[in-house]
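A short write-up of the structure that comes next.
We name chains A, B, ... by the order of the sequence lines, and we start the count at 1 in each one. Hydrogens, waters and symmetry mates play no part in the numbers below; they use all other heavy atoms, side chains included.
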Amino acid sequence: MNRYNPLEIEEKWQKIWEKEKPFRALEKSKSKTGEEKPKKFLAEMFPYPSGAGLHVGHVRNFTIVDVLARYYSQNGYNVLRPFGYDTFGLPAENYAIKTGVSPKVATETNVKNFRTQLKRLGYFIDWDREINTSDPEYYRWTQWCFLQLFKKGLAYQKESYQWWCPVDQTVLANEQVENGHCWRCGSEVEKKKMKQWFFKITEYADELLDSIDSLDWPEKIKTMQKNWIGRSRGAEIDFEIASNAEKVKVFTTRPDTIFGATFLVLAPEHPLIKSLVNENTKSAVEKYCADALKKSEIERQENKEKTGVFTGSYALNPATGEKIPIWVADYVLIGYGTGAIMAVPAGDDRDREFAEKFDLPIKKITEVPDKPFGEPKTTYRMRDWLISRQRYWGCPIPIAYDKNGVAHAIPESELPVLIPEVDDYRPDNSGRSALSKATDWLKVKVPVTDPETGKTTLEEMTRETDTLDGYACSSWYLWRYASPKDKKNAWNPDQIAYWEPLDVYCGADHAVAHLLYIRFWCKFFADEGKLPFREPIEKLLYNGYINAPDGKKMSKSKGNVIDPLDVIDSGYGADTLRTYEMFIGPYDLDAAWNPRSVGGVHRFLNRCWNLVFQEESVVKKNPTEFSCTKKTLSDSFPTTALRHKTIKKVTDDIERSAFNTAISCLMEYVNELYKSGASAEDLITLGKLLKPFAPHLASEILEHLSADDSWPAYDEKYLVADTVEVVVQVNGKLRGRLSVSVDFLEDEEKLKSLALADPNVKKFVKTPPLKTIFVKPAKLLNLVVKN
RNA sequence: GCCCGAGUGGCGGAAUUGGUAUACGCGUUCGACUUAAAAUCGAAUGAGAAAACUCAUAUGGGUUCAAGUCCCAUCUCGGGCACCA
């Protein structure tokens, strides 16, 4: 046979897989043998299909899932590994604005390209379950989900100050603002007062927080989510205003420090400020508040120097009865607690700094109240999820407004609300999306029932022109995977009961946003009786990034992007690429691309090929036992123990997601077989163990040896040798090695005398040992002596 | 500032429960094959030493028969949050 030619082999097997569809998940009811297979449902975070095609980072992410899918499949599981595309979003829309190509067309092209590339990697994907969030058949159900939340009051409108990206001309969720910059275009965000749609995620704040500990997720992600939710327990205390009947409600985590409260501070946006100013202070306070709003959040963050202004009014400290001044300052945030604080400069650094700057009293806390002041209150750092986007290429919000501006749900029977075709995709300056330009589409008749007569009439209304945050589309796709073609339901309850929750989810991003939102929706739909579980993801693998060879992030502008298709086409093939990305290091750490190491992995696969297909001139085969056709072997065959050891190690390593060491173990195995010769059983085992990583080559090997791909079992009895090495230490230092019969491991006295007979050990043992310690699993004997 | 991680050869990394530190790969050196090169195969490869050994897992202490692993302190790097009362 010829040399290892990956491109030829890969094309052959990809054609076979395309035709035979071996990666289709079995419907539970259709289980062939009658005997039910256990299920495994695995998925990666579905990608945004960009015009650039697959990235090596995608390949790492998808290959992890692929290794597991193939491993579980080889172990007899009914595996569901679907695939999808997160296709709504700004890149397609901005491309449309630039080129005039509609986002729909551009998206179709990109998805097609992605699919072709994915197939060239030989992925174990059930292609009959492909989904796409901008497909009307998909987004009608996104709209349905919205309506369920709307019905329960968990989708609501609120006028408030929100993050606004002036370049993308849309509002953003808190989770999409990174250091005061837009997560997509990087421009500085502003605050804008707008009426917007929200999902009431705070309703589930406690459960989202309390159930984190039970998740089999990386601690890093769990901590980030805990911090994001940021629960604080404290109290709300009313402070009476000296000059009028109003009260200022403050939130504090330390109500016990109230004796040290010497002034109050309100956020510049606080509604009570108007009633607190007098003729002397009015203009200064108004100017301060207006400036604070104008200041970008960056400025507010960068300039930690305290600023503020006195309102002219006083409040009464309920503990001391003292009159204390009320100030306005931007270090108090309107969105947290009550937007007002009692300042305790003796106990709080920020308050002290403020008091020192404005010469306000600092009073030592000498007394603690017997009965606590105020009402116990819990607050959260997390805010409700802002879901309106003033952009064209998103899922339309299924809402219309009557002539009084009241929001009405579009009836479920009228879904989907399709995205209208427009000529100009640009949002306008008014803060409305391009949907507002589809004048015919805007008009809709919605049935309204008169509460008195009970009569239903059709009323002409105007459609909502905002679209949904893309994260809404990805908050339920894992459930759609269970029944992606269902025309009657967002998800089919029987299929959900069988497949879900997801066993393993793998991704490298969205630690708080997506992974929090999907938990929120899961709890909501569980409360609705639509899901039989409260956490959607059993196990989360959060993989690291792949960086350029210099360790820096790959980016088009730096010109250091490695294209996975180039790696394949250069002659290495997909198996080398996949195996290399699993070998590059622990899956959860960032890694730098190393072109030479790719060559090393290719050499390894080449050696695998040679072992099976090459003539004796290259590989020294076992002179007595080697035969590719011989299926039964004696236990005394020289590589039997090694084979069983390798099976155990590779199995254990895949189970604990240590893909890099699983591969190094296979390398050792192959190196050893090169030296000692291989039996047919050894080679079949190699093919089986290799298949999750290099499925094309492994399929070729197994076909050649007429073997199936069932995962091999190991037998403990082969893992114990007749003769074992016992390490001898003196005071913890290695001084000798004994080769002894395995029976001696039971006889510590015998080992001790053998050790003391060793000339090298003798040199270090001048007096009889005080004690000896024998560690059986490590086969280590430590002699403790006093010399 | 606060909260997490992580520091091991020339490089990526291994050591899973406190028990033989440096597996595997890259690189380098030498050898075989070749007119030659590539490819391939074999050998060596933490530092010092001829060797016995000694010293090495960021730094300094500690616990232990035994520490890369546990404890305390310090330094460096990475990530997250950041005026959240």
Just the table, please: protein N/O against nucleotides 46-50 of chain B N/O, every pair under 3.5 Å.
none

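- A cation-pi arrangement is not found for Arg3(A) relative to Trp609(A), the charged atom failing to lie both closer than 6.0 Å to the ring centre and inside a 45° cone about the ring normal.
- Both key distances under 3.5 Å define a Watson-Crick or G-U pair, and stretches of 3 or more such consecutive pairs in RNA chain B run B:1-7 with B:75-81, B:10-12 with B:24-26, B:27-32 with B:40-45, B:46-48 with B:53-55, B:58-62 with B:70-74.
- Remark: aromatic rings of Phe583(A) and Phe604(A) are distant, center separation not under 6.0 Å.
- Between Asn606(A) atom CG and rA39(B) atom C1' there is a gap of 9 Å when expressed in whole angstrom units.
- In summary, the aromatic rings of His510(A) and Tyr517(A) are positioned with their centroids too far apart to meet the 6.0 Å limit.
- The base of rU40(B) is not paired with the side chain of Arg603(A) by any donor and acceptor separated by under 3.5 Å.
- Atom CG of Asn731(A) is separated from atom C1' of rG19(B) by 15 Å (rounded to the nearest Å).
- No contact: Glu353(A) has no heavy atom under 4.0 Å from any strand.
- Evaluation of atom-type donor-acceptor distances gives no pair under 3.5 Å for the side chain of Asn227(A) against the base of rC81(B).
- Relative to the ring axis of Tyr545(A), Lys553(A) places its NZ or CZ within 45° and under 6.0 Å from the centre.
- Contact between the side-chain N/O atoms of Thr772(A) and the OP1/OP2 oxygens of rC65(B) is not found at any separation under 4.0 Å.
- When distances run from any side-chain atom of Asn671(A) to the nucleotides rG25(B), rA52(B), rA85(B), the shortest one goes to rG25(B).
- Asn174(A) places its CG atom 12 Å from the P atom of rC81(B), with the value rounded to the nearest Å.
- The side chain of Asn760(A) lies closest to rA52(B) when the candidates are rG25(B), rG19(B), rA52(B).
- Residues Trp385(A) and Tyr471(A) place their aromatic rings such that the two centres sit no closer than 6.0 Å.
- Not one N or O on the side chain of Glu581(A) forms a donor-acceptor pair closer than 3.5 Å with the backbone of Arg578(A).
- A cation-pi arrangement is absent between Arg60(A) and Tyr587(A), since the terminal nitrogen or guanidinium carbon is not both under 6.0 Å from the aromatic centre and inside a 45° cone about the axis.
- Atom P of rC2(B) sits at a distance of 35 Å from the matching atom of rG10(B), rounded to the whole Å.
- Set against rC53(B), rC65(B), rA85(B), the side chain of Arg735(A) has rC53(B) as its closest nucleotide.
- Paired with Lys649(A) under the rule side-chain hydrogen bond (donor to acceptor under 3.5 Å, both in side chains), one option of Asp653(A), Asp652(A), Thr646(A) passes, and it is Asp653(A).
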Base versus backbone protein contacts along nucleotides 10-16 of chain B [heavy-atom cut-off under 4.0 Å; B, S, -]: --BSSSB
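- Remark: Asn610(A) is not in phosphate contact with rC41(B), judged by side-chain N or O atoms under 4.0 Å from OP1 or OP2.
- Geometric assessment of Arg231(A) against the ring of Tyr380(A) yields a negative cation-pi assignment under the 6.0 Å and 45° thresholds.
- Taking the centre of each ring, Tyr580(A) and Trp593(A) come in below the 6.0 Å mark.
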